[in-house]
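To start, the structure itself, in structure tokens.
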Amino acid sequence: MRQLRLSVGIGLFLLLLVLGAYGVAGVVGGLIPSNAGSVRPAQGIPVIIESNGVHTGLVLPKVAAGVDWRNLLPAGDLADPRYAAYDHVAIGWGDRKFYVETPTWADVRPMTMLWAALGSGQTVLHVEHIAMPKPGPDARVILLRPGEYRRLAAFIRASFAPRGWHRTGYGMDDAFYAATGRYDAIHTCNAWTGDGLRAAGVRVGAWTPFSATVLHWFAA
């Protein structure tokens, strides 16, 4: 029994050590700038980085700078096609099982989080058809030049798997789509958001695994 308690204690210590190292690495990675010379324009296409405290996503106009999301995200994919009349889409990327089975944080289960952290090749994009949200602490507005917006849109489009698996979402206005990429503790939903902004040329952290490491770069 003593040996068992010792083994459990050592295991917990090592787990805490790994989690601590991961947290420190995430913070450091989030503080190292990429696109450090980027200057934000005074005018441009407004894009919102939104967060629920853990997960970040991007809110984009459906039609801007020659990019039109309506054909890729048709009204027929929604439980109520009338919501497609809204002029913005909110898009986030993540593990399929975690996303589909956790409509609210009250539905999150430890094992679901563990399996997602260990890695999954089954990823999805969650798309909501919405009106432009009001700016605030959890919805940071950035302005993009047309070229920057097109690069961000190209990154997001490349995250969609060829048209195949998709389903309605949690409510009447959202849907899930099969995505490309592998989700794990390195390639998180927030890292995806940072990767997209980095691809657009926006100044953001070199690695952004946490919500705070994304939002840190943008004023409330």
query: Out of curiosity, does Ile156 fall in the hydrophobic cluster containing Phe218 (side-chain heavy atoms, cut-off under 4.5 Å, transitive links)?
result: yes
query: Within a strict 4.5 Å, meaning less than it, do heavy atoms of the Lys62 and Val89 side chains meet?
result: yes
field: Minimum heavy-atom distance between Gly171 and Ala79, given as atom pair plus value
entry: O-CB, 3.8 Å
Can you give the donor-acceptor pairs under 3.5 Å from side chains of residues 39-49 to other protein atoms, not counting sequence neighbours?
{"unit_1": "Arg40", "atom_1": "NH1", "unit_2": "Trp217", "atom_2": "O", "d": "3.4"}
{"unit_1": "Arg40", "atom_1": "NH2", "unit_2": "Trp217", "atom_2": "O", "d": "2.7"}

- prompt: Below 4.5 Å, heavy atoms only, C-beta onward: do Val59 and Pro133 meet side chain to side chain?
  reply: yes
query: Which residues pass the side chain to side chain contact (heavy atoms under 4.5 Å, CB included) test with Pro81, sequence neighbours left out?
result: Ala75
Closest heavy-atom pair and its distance - Ala131, His88: C-CB, 4.4 Å
query: With Thr56, which residues qualify under side chain to side chain donor-acceptor pair (under 3.5 Å), at least two apart?
result: Asn190, Thr193
Salt bridge (Lys or Arg N to Asp or Glu O under 4.0 Å) pairs, two or more places apart, involving residues 165-177: none
- prompt: Taking atom CD of Glu148 and atom OG of Ser38, what is their separation to the nearest 0.5 Å?
  reply: 5.5 Å
field: Leu73 vs His129 side-chain heavy atoms within contact, under 4.5 Å
entry: yes
Side chain to side chain donor-acceptor pair (under 3.5 Å) against Arg157, all qualifying residues, sequence neighbours excluded: none
- line: Minimal heavy-atom distance between Ser211 and Gly53, with the atoms involved, is CB-O, 3.9 Å
statement: Sorted by chain and number, sequence neighbours left out, ring-ring contact (aromatic ring centres under 6.0 Å, His included) with His126 holds for Tyr99, Tyr170, Phe176
task: Measure the CG-NE2 distance between Asp95 and His187 for me, rounded to the nearest 0.5 Å.
output: 14.0 Å
field: Side chain to side chain, Leu58 and Leu197, heavy atoms closer than 4.5 Å
entry: yes
message: Main chain of Val214, side chain of Thr208: is a donor-acceptor contact present, judged purely on distance under 3.5 Å?
response: no
query: Is there side-chain contact between Leu72 and Tyr177, with heavy atoms separated by less than 4.5 Å?
result: no
query: Between the side chain of Trp93 and the main-chain N/O of Thr180, is any donor-acceptor distance below 3.5 Å?
result: yes
field: Backbone N/O of Val204 and side chain of Ser34: donor-acceptor pair under 3.5 Å
entry: yes
Check against side-chain contact (heavy atoms from CB on, under 4.5 Å), Trp69 and Leu60: CA-CA 9 Å; Trp69 293 98; Leu60 315 165; 3.8 Å; yes
field: Asp138: partners by side chain to side chain donor-acceptor pair (under 3.5 Å), with sequence neighbours left out
entry: none
message: With a 4.5 Å cut-off on side-chain heavy atoms, are Val124 and Trp165 touching?
response: yes
query: Looking at Glu50 and Ala90, what are the two nearest heavy atoms and their distance?
result: OE2-CB, 3.4 Å
task: Report yes if the side chains of Val141 and Pro135 come closer than 4.5 Å at any heavy-atom pair, otherwise no.
output: yes
query: Would you find a donor on one side and an acceptor on the other, under 3.5 Å apart, between the side chain of Ser159 and the backbone of Phe155?
result: yes
- request: Look only at the side chain of Arg96 and the backbone of Thr123, and say whether a donor-acceptor pair between them is shorter than 3.5 Å.
  value: no
field: For Tyr149, ring-ring contact (aromatic ring centres under 6.0 Å, His included) partners two or more places apart
entry: none
field: Gap between atom OH of Tyr183 and atom NZ of Lys97 - 0.5 Å precision
entry: 14.5 Å
field: Pairs flagged by salt bridge (Lys or Arg N to Asp or Glu O under 4.0 Å) wherever residues 75-93 is involved - sequence neighbours left out
entry: Asp77-Arg163, Asp80-Arg82
query: Hey, does Trp207 have a side-chain heavy atom less than 4.5 Å from the side chain of Thr188?
result: no
task: Kindly write out the residues that satisfy side chain to side chain donor-acceptor pair (under 3.5 Å) with Asn35, not counting sequence neighbours, or none if the list is empty.
output: none
task: Give me the other members of the hydrophobic cluster that Tyr86 sits in, counting Ile, Leu, Val, Met, Phe, Trp and Tyr linked by side-chain heavy atoms under 4.5 Å, directly or via other members.
output: Leu78, Tyr83, Met172
message: Treating Thr213 as the side-chain partner and Val27 as the backbone partner, does any N or O pair qualify as donor plus acceptor under 3.5 Å?
response: no
query: Considering residues at least two apart in sequence or located in another chain, which fulfil the salt bridge (Lys or Arg N to Asp or Glu O under 4.0 Å) criterion with Arg198?
result: Asp195
message: Can you see whether Asn52 engages His55 through a side-chain donor-acceptor pair at a distance of less than 3.5 angstrom?
response: no
